[in-house]
Amino acid sequence: MRLIFLGPPGAGKGTQAELLTANLNIPQISTGDIFRNAVKAGTAMGLKAKQYMDKGELVPDDVVVGIVEERLAEPDCANGYILDGFPRTVAQADALEANLAARGEKIDKVINFVVPKDVLLARLTGRWVCKNCGATYHEEFKPPAKKGTCDNCSGELYQRDDDKLEAVTKRLQVYEEQTAPLIAYYQEKGILLTIQGNKPVEEVYNEIINGLKS
Ligand code: ADP
Ligand code: AMP
């Protein structure tokens with residue numbers, strides 16, 4: 001099963017991908033996580049990506065597409081994957097389609113997460129992420145058992161720089177301008193599944209599972 005998770009920052013893509021990867025036994029490929037790891041490792045690509053991420057802007061298409069193409073060629077992607085946060089522009093979607101077509105493959109479903117803007121703001125500004133395993137928490141909606149500590153691995157939790165209000169506002173604007181056109185793009189291909197993401201995590205999860213079955 002090859003899936004794309006499409007939706008604004010804070011819609012719950014990462015949270016749902018974490019649950020679904022375990023169920024379907026396919027990897028989650030988050031371009032945001034790949035960039036954050038590259039920043040942490042101090043690679044040339046990380047340094048370049050950081051300039052855009054800090055401002056809430058998109059990393060240039062050619063950089064992102066190259067990284068995803070390399071990642072999809074790895075053996076653990078053979079049975080499918082969840083693309084979380086990619087594609088984010090029509091150019092990225094076209095490049096993905098061409099890359100898959102060259103291997104006789106295609107995307108099965110695109111899950112479109114719909115969440116009101118005020119909820120997105122509350123989710124992003126209260127998000128805490130594990131430095132070690134990447135698990136996601138929320139200070140109000142999904143608090144860890146012990147403040148500042150990951151339930152899974154006891155790693156330290158931190159708040160992303162780009163979850164500060166200024167960068168969040170920019171990221172939501174960038175989503176509307178550059179990523180939202182992908183809703184119509186995949187609707188036309190007949191593979192869009194729209195999910196109401198403004199519900200408890202388990203209810204969203206069930207809606208996705210039921211949608212994938214039908
Ligand atoms: P995305 O990957 O789409 O940017 P996340 O999965 O990281 O979004 O979720 C953003 C924040 O909202 C996190 O703090 C997460 O714990 C919280 N969250 C995710 N899904 C829900 C939900 N259904 N209800 C309440 N809070 C949620
Ligand atoms: P995310 O973790 O998905 O919220 O992504 C964090 C940041 O990484 C974004 O604000 C962008 O700067 C960058 N990024 C992640 N995925 C992409 C992508 N597909 N295209 C361009 N930039 C991306």
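Throughout, numbering of the chain's residues begins at 1 and tracks the sequence. Numbering of ligands and ligand atoms starts at 1, following listing order.
- When atom types are taken as modelled, the side chain of Arg171 and the backbone of Asp162 share a donor-acceptor pair closer than 3.5 angstrom.
- Checking side-chain atoms of His138 against main-chain N and O of Thr125 turns up no donor-acceptor pair under 3.5 Å.
- The shortest N/O to N/O separation between Arg127 and ligand 1 falls below 3.5 Å.
- Counting side-chain heavy-atom gaps under 4.5 Å among Ile, Leu, Val, Met, Phe, Trp and Tyr, the cluster of Phe5 also holds Met1, Leu3, Leu19, Leu20, Leu24, Ile26, Ile82, Ile111, Phe113, Leu193, Ile195, Val201, Val204, Tyr205, Ile208, Ile209, Leu212.
- Checked options Gln16, Gln28, Lys13; the residue passing with Asp84 is Gln28 (criterion: side-chain hydrogen bond (donor to acceptor under 3.5 Å, both in side chains)).
- Here the CG atom belonging to Asn112 is positioned 5.0 Å from the CG atom belonging to Leu6, to the nearest 0.5 angstrom.
- For atom 2 (O) of ligand 1, the closest non-hydrogen atom on the protein side is Gly14 N, 2.8 Å.
- Under a 4.0 Å N-O distance rule, the pair Glu97/Lys189 qualifies as a salt bridge.
- Residue contacts with ligand 1, taken as heavy atom pairs separated by less than 4.0 Å, involve Pro200 solely via the backbone atoms N, CA, C and O.
- The shortest N or O to N or O distance between Ala11 and ligand 1 is under 3.5 Å.
- Of the protein's heavy atoms, Tyr137 O, 2.7 Å lies nearest to atom 14 (O) of ligand 1.
- For Tyr158, there are no ring pair (Phe, Tyr, Trp, His ring centres under 6.0 Å) partners at least two apart in sequence or on another chain.
- When atom types are taken as modelled, the side chain of Gln92 and the backbone of Arg88 share a donor-acceptor pair closer than 3.5 angstrom.
- The list of salt bridge (Lys or Arg N to Asp or Glu O under 4.0 Å) pairs with a residue in residues 131-144, not counting sequence neighbours, reads Lys131-Glu156.
- Ligand 1 places these atoms under 4.0 Å from at least one heavy atom of Val201: 20 (N), 21 (C), 22 (C), 23 (N).
- Taking only nitrogen or oxygen atoms, main chain and side chain alike, Gly12 reaches within less than 3.5 Å of ligand 1.
- Considering Arg123, Glu139, Glu203, Gln196 only, the shortest heavy-atom separation from atom 24 (N) of ligand 1 involves Arg123.
- Protein residues with a heavy atom closer than 4.0 Å to ligand 2 are Thr31, Gly32, Phe35, Arg36, Met53, Glu57, Leu58, Val59, Val64, Gly85, Phe86, Arg88, Gln92, Arg160, Asp162, Arg171, listed by chain and number.
- Counting heavy atoms under 4.0 Å from ligand 1, residue Phe5 does not touch it at all.
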request  = Could you go through the side-chain hydrogen bond (donor to acceptor under 3.5 Å, both in side chains) check for Tyr185 and Asp94 one step at a time?
outcome  = CA-CA 10 Å; Tyr185 179 101; Asp94 285 340; 2.7 Å; yes
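- Residue Trp128 places no N or O, backbone or side chain, under 3.5 Å from any N or O of ligand 1.
- Between Lys50 and Asp161 there is no salt bridge, since no side-chain N of the basic residue sits under 4.0 Å from a carboxylate O of the acidic one.
- Look at Gly7 and you'll find every heavy atom at least 4.0 Å from all atoms of ligand 1.
- Geometrically, ligand 1 and Lys142 share no nitrogen or oxygen pair separated by less than 3.5 Å.
- Under 4.0 Å from ligand 1, the heavy atoms of Lys199 that appear belong solely to its backbone.
- In plain terms, the two heavy atoms of Leu157 and Cys130 that are nearest each other are CD2-CA, 3.6 Å.
- Remark: Arg123 does not engage Asp118 in a salt bridge, criterion side-chain N to carboxylate O under 4.0 Å.
- Looking at Phe141 next to ligand 1, no N or O pair under 3.5 Å apart turns up.
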